[in-house]
Amino acid sequence: MKKKIISAVVINYVSLIFMLVIFYAIQWLGLNKLFILVEIMLLLILITSFNSAFKKTGLWKLVHKPQKHLDERELQIIHKAIRHSYGIFVILCLVLIMLFAVAEGKPIDMVLASSLIYLAHTLPAAVIAFSEEEI
C-alpha cells in the first residue's frame with residue numbers, strides 16, 4: 001500500500017513538472033499549439049494521482065485538519081512534515097525566482113505561482129507519504 005501511495009505522489013509531481021515544462025516550451029520555443037492537448041492529458045493525470053495520493057489516503061485531510069482535532073502523535077508527525085516540506089519549498093521558490101529573473105528579467109507568472117501554491121499545499125502530505133511513519 002505504501003509503495004502505491006509513493007508511486008501516486010511521484011506521478012503527481014512528475015505530471016506537474018511536465019505541465020510546466022510544456023507550457024514554457026510552447027511560450028519560449030514557439031511550439032505547436034497541439035501541445036496544449038498534452039497539457040490537458042497531464043492535468044487529468046495530475047487530478048487522478050492527487051485523488052490516489054492525497055484524497056483517498058486521508059493525507060490531505062490530515063495535513064489540513066485544525067490542530068485541536070489532532071492527537072499528540074499526529075501533531076508531531078505533521079510538525080515534522082511541515083518543517084521539512086517548507087524547507088524544501090523555500091529553497092525551490094528562491095531558485096525559481098532567481099532563474100526567472102536571470103532568464104526573462106521579470107518575476108514569475110501566474111502559471112508558476114499557481115503551481116507553487118499547489119506544491120505548498122501538497123508537499124507536507126508528500127513528506128508524510130515518504131516518511132516511515134504510519135498514520
Q. Can you list the other members of the hydrophobic cluster that holds Val102, where links are side-chain heavy atoms under 4.5 angstrom apart?
A. none

Q) With ILVMFWY side chains joined below 4.5 Å, transitively, what does Met41's cluster contain besides itself? A) none

Q. Stepwise, does the side-chain contact (heavy atoms from CB on, under 4.5 Å) test hold for Leu62 with Leu70?
A. CA-CA 8 Å; Leu62 176 70; Leu70 299 170; 3.8 Å; yes

Side-chain heavy atoms under 4.5 angstrom apart, residues restricted to Ile, Leu, Val, Met, Phe, Trp, Tyr: same cluster for [X] and [Y]?
X: Ile88; Y: Ile6; value: yes
X: Ile40; Y: Leu42; value: yes
X: Val10; Y: Leu44; value: no
X: Leu75; Y: Ile77; value: yes
X: Phe89; Y: Ile17; value: no

Q. Is the side chain of Lys2 donor-acceptor paired with the backbone N or O of Ala129 at a distance under 3.5 Å, no angle test?
A. yes

Q: Please answer whether the main-chain N or O of Arg73 pairs with a side-chain N or O of Gln76 as donor and acceptor at a distance below 3.5 Å.
A: no

Q: Kindly state whether the ring of Phe100 and the ring of Tyr24 have centres lying under 6.0 angstrom apart.
A: yes

Q: Check Thr57 against Ala53 and note the closest heavy-atom contact, atom names and distance.
A: OG1-O, 2.7 Å

Q) If every non-hydrogen atom of Ile108 is compared with every non-hydrogen atom of Leu96, which pair is closest and at what distance? A) CG2-O, 4.3 Å

Q.
Quick check on Tyr86: does its OH atom have over 12 non-hydrogen neighbours (other residues, nucleotides or ligands) under 6.0 Å away?
A. yes

**Q.** Residue Lys65 excluded, over 12 heavy atoms near NZ under 6.0 Å
**A.** yes

Let me confirm one number: the [atom1]-[atom2] distance from [X] to [Y], rounded to the nearest 0.5 Å.
X: Met19; Y: Leu43; atom1: CE; atom2: CG; answer: 5.0 Å
X: Lys56; Y: Lys4; atom1: NZ; atom2: NZ; answer: 8.0 Å
X: Leu20; Y: Glu39; atom1: CG; atom2: CD; answer: 8.0 Å
X: Leu46; Y: Asn51; atom1: CG; atom2: CG; answer: 10.0 Å
X: Ile5; Y: Ser52; atom1: CD1; atom2: OG; answer: 10.0 Å
X: Phe50; Y: Leu59; atom1: CZ; atom2: CG; answer: 10.0 Å

Cut-off 3.5 Å, no hydrogens considered: what does the side-chain donor-acceptor table look like for residues 112-127, sequence neighbours left out?
residue : atom : partner : partner atom : Å
Ser114  : OG   : Met110  : O            : 2.7
Ser115  : OG   : Val111  : O            : 3.0
Tyr118  : OH   : Asn12   : OD1          : 2.8
Tyr118  : OH   : Asn12   : ND2          : 3.0
His121  : ND1  : His64   : NE2          : 3.1
Thr122  : OG1  : Tyr13   : OH           : 2.8
Thr122  : OG1  : Tyr118  : O            : 3.0

(Q) Would Ile128 and Phe54 count as a side-chain contact (heavy atoms from CB on, under 4.5 Å) here? Give the steps. (A) CA-CA 10 Å; Ile128 292 173; Phe54 303 116; over 6 Å; no

